[in-house]
Amino acid sequence: MFASAATAPSSAAGFNAEFAKAVADGLTLKRQKTLPPSWLYDEVGSALFEVITVLPEYGVTRAEAALLDRAAGEIIRASGRPAHIVELGSGTGTKTRHILKAAAHHHTVQYAPIDISAAALANCVHALGDVMNLSIEPIAATYLEGIDTAVAARKPGESILLLFLGSTIGNFTRTEAASFLRQLSKRMQPGDYLLLGADLVKSRARLISAYDDPIGVTAAFNLNLLARINRELEGHFDMSLFTHEARYNERYSRIEMHLRSRVDQQVSIEALDLTVPFRKDETIWTESSHKFRAEELPCVGRRSGWACVRQWVDGEWGFAETLFRKSK
Ligand code: AVI
């Protein structure tokens, strides 16, 4: 299951057994080769993702930041002025800053960003260090383990506002998303809130150029996965023999990112003692990015133990922040 946009720290020299297993499993599948999207985010991939977020064609991050800037005060009031804010994924702090500043306007707020990458957490602490009345307590863990730690640290009577921003929920399948939201709900108490950022369905043309930008940053982000296999697992992928492809799957309202082999070829991965055959035009499916209808999001939450309180929509790009309260 996808964890976060910076969850898979690269180890320049080290051998990551989980990565090795994911590559061996995904590239030996008979029908559709796949690689899980969390492995896109090593040091190079995370840096490329930061560039993606400022591309003119990729409106997701800008739309969410603008929405949070406009609605932060309302979100904080509607969530009962929480003293404890927990964020899944630490990001760069840019979007969260609006929420934290609004929350810490009247009283001290405890902010716990959760990320498996210590480097991402350090950046976040650095970026938000100047927000007044904010006590930052980073948690280096997977999302669910991190929530357990954050919940254990809550003071009696204190409610938590959980942030899951950036449309990372879209990188789960719909079934995984529902089960993940249910897992979150199970760990929360009545009176706790969840703010969920999700990208909305828009025209195919807009989506394709967001995920296949004209200067090739997203292509580099995707191809870096093969470069990572070369770096970490002694792979022999020739990047010029693969092309990045973004497809829009109308039926599931999702972008699917693939790496397409230009030729029939065999690629050896020495650390796995594996040779992977590719037919011309065969692809590796590396990521899905689901898009939602605004009215679908309250239903997604309701089925997973969350009651919708309010929704804010950015109509220009098409992005929604939905605030949920844990159902009893
Ligand atoms: C992190 N995640 C929400 C991004 C998305 O839009 O699905 C990842 C991404 N992949 C390509 N461009 C951006």
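Both counts, for ligands and for their atoms, begin at 1 and track the order of listing. Treat the numbers as computed from the prediction; the structure is a model and nothing was measured.
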We want to know whether E256 and S288 form a side-chain donor-acceptor pair, criterion being a heavy-atom distance below 3.5 angstrom.
no
Polar contact flag, side-chain donor to acceptor under 3.5 angstrom, E137-S135
yes
Counting from 1, what ligand 1 atoms have a heavy atom of [X] closer than 4.0 Å?
X	answer
Y211	5 (C), 6 (O), 7 (O), 10 (N), 11 (C), 12 (N), 13 (C)
S289	5 (C), 6 (O), 7 (O)
Y41	1 (C), 8 (C)
F221	10 (N), 11 (C)

Is there a heavy atom in G166 that sits closer than 4.0 Å to ligand 1?
yes
So for V60, does at least one of its heavy atoms come nearer than 4.0 angstrom to any atom of ligand 1?
no
Do [X] and [Y] come within less than 4.5 Å of each other through their side chains, counting heavy atoms only?
X	Y	result
T283	S261	no
T218	M257	yes
W39	T286	no

Residue pairs fulfilling side-chain hydrogen bond (donor to acceptor under 3.5 Å, both in side chains) with at least one residue in residues 77-88, sequence neighbours excluded
H84-E158, E87-T96, E87-Y111
Using the six-membered ring wherever Trp is involved, compare the ring planes of F49 and Y58 and label them parallel, tilted or perpendicular (cut-offs 30° and 60°).
perpendicular
If we only count N/O pairs under 3.5 Å, is [X] in contact with ligand 1?
X	value
T168	no
S167	no
K291	no
Y58	yes

Heavy atoms only, cut-off 4.0 Å: how does D199 contact ligand 1, side chain, backbone, both, or neither?
neither
Heavy-atom count check: over 12 atoms from other residues, nucleotides or ligands less than 6.0 Å from E316 CD?
no
